[in-house]
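What follows is a single structure, written as structure tokens, with notes after it.
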Amino acid sequence: MMSTMIRGTVTVGAQTHVFGHLPHLTVGSSTRDDVVVDDPLVTAGHLRIDWRSTGWWVSADAAAPAYTAGVAVTEILIADVTRIRIGDPDDGPVLIFALTDSDPVDHDTVQLADAPRTLTCAPDGMSLRHTASDTVIDVHGILTVGRTPDNDLVIDDPLVSRHHARIALQSDGDLLVDDLASSNGTHVDGRRITRARLPDGSVLTVGNTDFVVRGRQLLRGETPTAGDGLMLHGVGLTLGADTTLLRDVEFTARPGTLTAVIGPSGAGKSTVAAVMAGLTTPTAGVVTFDGRDVHGEYDTLHTRIGMVPQSDVLHRRLTLRHALRYAAEIRLPGDLTADDRNRVIAGVLAELHLTEHLDTRIDMLSGGQRKRASMAMELLTGPSLLILDEPTSGLDPALDRQVMAALRRLANAGRVVLVVTHSLANLTLCDQVVMLAPGGRTAFVGRPEEIPIAFGTTDWAEIFTVLTANPVLAHRRHLERTRATAPPNPVRRPTGAPVCVPRVSAIDQCSTVVRRQIRLIVADPGYLTFLAVLPVVLGLLTLIVPGAAGFGVNEASATAGEALQILVILVVGATFMGTALTVRDLVAERDIFARERAVGLRAGAYLAAKVLVFSAVAICQTAVMLAITFAGNGTPRGGLVGAAPLELFGILAALAAVSAVVGLAVSASVRSVEQTMPPLVVLVLAQLVLCGGLFRLTTPVLAQLPWLFPSYWGYTAAAGAVDLKAISPLAPQTADAAIWESELSNAVLAYSALLLITTVLLVVTMSRLTDRGGRVGGR
């Protein structure tokens with residue numbers, strides 16, 4: 001087809017881009033934009049340039065307008081030379097548009113400039129030719145790929161390592177690719193590789209960029225299904241023998257569209273969101289994104305998929321700056337500098353209009369702002385598919401519309417955006433509505449204005465009543481309307497967790513979580529005060545024990561058990577401090593950890609960081625408690641190596657650290673924060689009763705029960721450290737307590753038992769953290 005379009009140029013800084021061969025193009029900060037403007041005030045898809053019958057028009061969103069002569073505009077006709085400022089009326093970058101000629105242009109020619117142009121010529125002769133949608137790389141010799149300018153092929157993507165991969169032309173004409181220990185990995189046909197040949201037609205993936213191999217060439221953006229968007233083909237999900245959550249769900253969501261998934265409660269809306277995001281594997285059918293299997297190639301695609309769950313996956317006590325910094329350290333490659341990560345964060349916040357809230361604590365943000373902050377977490381990796389589960393739940397109508405308007409802008413930037421929602425007030429902002437009936441059946445797929453035609457009413461209560469009363473009939477009518485049929489022989493898949501290979505080393509991840517945990521503790525004054533006061537109170541309790549001998553020899557019959565009682569307070573105090581410190585932690589962060597694990601956080605690194613931080617806090621608390629005890633009761637003498645005070649501190653510190661692990665195990669096993677209190681009370685009482693300092697059990701079987709509790713072994717080692725049998729000879733508990741003798745064998749046995757208990761508890765906690773067999777929502 002031939003038609004006349006006026007050619008023109010747009011100049012940004014020192015760069016001039018020619019347009020006039022395509023009727024539509026975008027200007028923004030994303031590498032997917034036709035004209036890229038690298039400025040923190042500019043968002044992805046910030047402007048759209050369209051050819052209309054009256055000429056070239058520049059369009060902007062009302063929430064992020066363009067400015068001409070200081071006046072905000074959403075549309076402006078380009079006439080001769082036009083100056084437009086974006087991002088800010090005073091400081092935003094300036095775009096200068098100029099019209100040149102009116103030569104006829106063939107719309108079938110896909111290019112931005114007049115002809116393919118050479119961007120780079122490497123010393124070995126490799127050249128790049130750039131067109132509107134692809135870059136052709138001719139490989140001669142060796143080609144290095146990475147993020148920094150010293151590579152032959154530079155990919156400006158934070159997910160790409162500085163030196164990511166090397167491609168070499170072999171003597172037989174084939175290409176060979178080597179991964180250069182990149183953080184995000186190099187993938188061939190969806191499989192992460194260390195070294196692999198690149199046969200003709202294979203797809204090489206580096207970061208979020210795909211290249212198709214054609215002989216000695218790499219074609220960027222030439223995958224056969226690029227731009228297809230998200231497609232669900234006959235998706236079904238069955239749990240057990242008779243519980244079906246989804247049945248033959250089919251629809252397509254194209255790039256640049258906003259799709260709402262609605263339906264009555266129990267229709268499987270959240271379930272289908274988890275399936276689309278790759279977090280739950282369907283038992284039938286397949287989900288593809290740009291033609292690639294989301295579940296089969298999850299490690300390749302997960303950075304392109306953003307999932308915002310219904311619960312906010314944010315630490316509310318952190319500022320938005322710190323929350324995003326820690327998230328960026330976990331999600332982005334470890335070789336990014338702090339400045340690199342800050343640039344990514346700035347771009348995301350600008351796109352979501354959150355820049356002014358950078359240093360605001362998240363718990364001080366409004367409900368709509370918190371939802372946008374959750375979106376910011378996902379946009380760090382530059383996803384082209386964004387899925388949100390009930391983002392407007394609990395928001396008032398004004399905030400509801402703000403969130404939906406933000407989603408509309410994100411879709412306008414070229415993303416595929418899907419939102420699961422109960423709110424029906426703003427469906428007109430959506431391009432498509434997918435309605436599910438109970439049992440996970442599709443009842444409608446189409447534009448919002450087509451719903452009254454399909455159901456014969458605009459009354460949502462009536463529509464949902466019909467769906468609930470007869471979901472099978474609603475599904476059948478949907479198939480009749482669309483003349484669709486269920487796909488033949490839908491793919492059956494084994495259930496299981498898709499694989500996501502972490503992009504950051506375990507040590508770096510652990511370091512990030514450690515620093516984040518310390519900041520969380522410091523950011524909560526109430527919690528910090530509790531941690532400081534608790535050891536002081538416990539230390540003072542040891543001073544009210546009757547007697548004046550303390551850790552000296554307890555010779556008076558009335559106070560024969562003085563040292564023994566002091567040890568009971570110290571041992572039980574250490575167990576209480578450690579357990580109370582952590583018992584609420586993991587369950588309170590369950591949703592946050594689940595999302596972070598889905599994007600590559602190792603459970604081992606996460607747990608190790610928790611153990612390190614809380615053990616350190618417990619040890620500090622133990623030191624305070626023991627310092628007060630020594631100040632009021634004197635210091636013990638003797639010990640295994642003649643250093644009784646240090647030996648006593650060592651065992652109490654170890655006991656507090658082990659008790660912190662006990663608390664983590666409990667926290668990982670309960671379903672809510674409210675459920676942590678009963679186990680905490682039971683554990684503290686049991687350890688008090690069974691530590692051995694109050695009385696000794698002699699009944700067979702019952703006598704071995706204390707062996708299961710850390711307090712028993714802590715008391716055993718503590719008694720040996722202060723030589724309790726010598727300083728408290730008149731106490732009845734010391735009569736046949738051979739295990740309290742100040743001997744090396746007893747100390748080794750006690751420490752070994754504590755180590756064994758710790759190991760078992762860590763294994764249990766890890767199994768709970770890595771358990772992916774939890775309930776699947778059915779809304």
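Keep in mind the model is a prediction, meaning the values are calculated, not measured.
Counting only distance, with no hydrogens or angles, the side chain of His295 and the backbone of Thr280 share a donor-acceptor pair below 3.5 Å. The backbone N or O of Gly720 sits nowhere less than 3.5 Å from a side-chain atom of Asn746 that would complete a donor-acceptor pair. Side chain of Ser767 to backbone of Val764: a donor-acceptor contact under 3.5 angstrom is found. Of the possible donor and acceptor atoms, one in the side chain of Thr582 sits under 3.5 Å from a partner among the backbone N and O of Leu664. At distances below 3.5 Å, at least one donor-acceptor pair connects side-chain atoms of Arg317 with backbone N or O atoms of Leu520. For Arg316 (side chain) and Ile362 (main-chain N/O), no donor-acceptor pair under 3.5 Å exists by modelled atom type. A donor-acceptor pair is defined here as one N or O able to donate and one able to accept, closer than 3.5 Å; no such pair exists between the side chain of Asp591 and the backbone of Val313. The main-chain N or O of Ile330 is never found under 3.5 Å from a side-chain atom of Gln509 such that the two would form a donor-acceptor pair. Side-chain atoms of Ser728 never come within 3.5 Å of backbone atoms of Leu724 as a donor-acceptor pair (strictly under, hydrogens ignored). At least one donor-acceptor pair closer than 3.5 Å links the side chain of Ser161 to the backbone N or O of Ser183.
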Checklist entry - Which is it for Arg595 and Val599 under the side chain to side chain contact (heavy atoms under 4.5 Å, CB included) test, yes or no, and what are the steps along the way? => result CA-CA 7 Å; Arg595 184 60 196 139; Val599 297; 3.6 Å; yes

Item to check | Worked verdict on Arg192 versus Thr186 for side chain to side chain contact (heavy atoms under 4.5 Å, CB included) | outcome: CA-CA 6 Å; Arg192 187 165 183 164; Thr186 303; over 6 Å; no

Next on the checklist: For Val513 and Leu601: C-alpha separation, side-chain torsions, deciding distance, then whether side chain to side chain contact (heavy atoms under 4.5 Å, CB included) applies.
Outcome noted: CA-CA 10 Å; Val513 179; Leu601 177 62; 4.3 Å; yes

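How far NE2 of His187 is from CG of Asp299: 3.5 Å, rounded to the nearest 0.5 Å. To the nearest 0.5 Å, atom NZ of residue Lys610 and atom CG of residue Leu581 are 10.5 Å apart. Rounded to the nearest 0.5 angstrom, Gln517 CD and Tyr326 OH are separated by 10.5 Å. Atom CG of Leu358 is separated from atom CG of Leu324 by 7.5 Å, given to the nearest 0.5 angstrom. With values rounded to the nearest 0.5 angstrom, Asn184 atom CG is found 5.5 Å from Thr303 atom OG1. In this structure, Thr579 OG1 and Phe614 CZ are separated by 12.5 Å, a value rounded to the nearest 0.5 Å.
Between Ser667 and Asp585, the side chains place no donor N or O within less than 3.5 Å of an acceptor N or O (distance only, hydrogens not considered). The closest side-chain donor-acceptor pair between Asp508 and Ser511, if any, does not fall under 3.5 angstrom. Residues Thr205 and Thr300 bring no donor and acceptor atom of their side chains to less than 3.5 Å of each other.
Minimum interatomic distance between Pro710 and Val662 (heavy atoms only, all atoms of both residues): CG-CG2, 4.2 Å. Considering every non-hydrogen atom in both Gly368 and Leu399, the closest pair reads N-CD1, 4.0 Å. Heavy-atom minimum distance, Leu314 versus Ala373: CD1-CB, 3.8 Å. Across all their heavy atoms, Val666 and Pro679 have their closest contact at CG1-CB, 3.7 Å. Closest approach of Ser374 to Val308, counting heavy atoms only: CB-CG1, 3.7 Å. Closest non-hydrogen pair, Ala506 versus Ala605, comes out as O-CB, 3.6 Å.
Using a 4.0 Å cut-off between a side-chain N of Lys or Arg and a carboxylate O of Asp or Glu, Arg147 and Asp335 qualify as a salt bridge. Residues Lys371 and Asp312 are paired through a salt bridge, judged by an N-O separation under 4.0 Å between the basic side chain and the carboxylate. Using a cutoff of 4.0 Å between basic side-chain nitrogens and carboxylate oxygens, Arg516 and Glu329 are not scored as salt-bridged.
Classified by interplanar angle (parallel below 30°, tilted 30° to 60°, perpendicular above 60°), the ring pair Phe630/Phe551 is perpendicular.
The residue from Glu589, Arg519, His322 that alone fulfils the side chain to side chain donor-acceptor pair (under 3.5 Å) condition with His315 is Glu589.
Checked against salt bridge (Lys or Arg N to Asp or Glu O under 4.0 Å), Arg768 has no partners two or more places apart in sequence or in another chain. For Ala328, the side chain to side chain contact (heavy atoms under 4.5 Å, CB included) test picks out Leu332, Arg341, Ile345, Leu380, with sequence neighbours left out.
Arg637 CZ: 12 or fewer foreign heavy atoms inside a 6.0 Å radius.
Taking the six-membered ring wherever Trp is involved, the centroid distance between the rings of Trp740 and Tyr715 falls below 6.0 Å.
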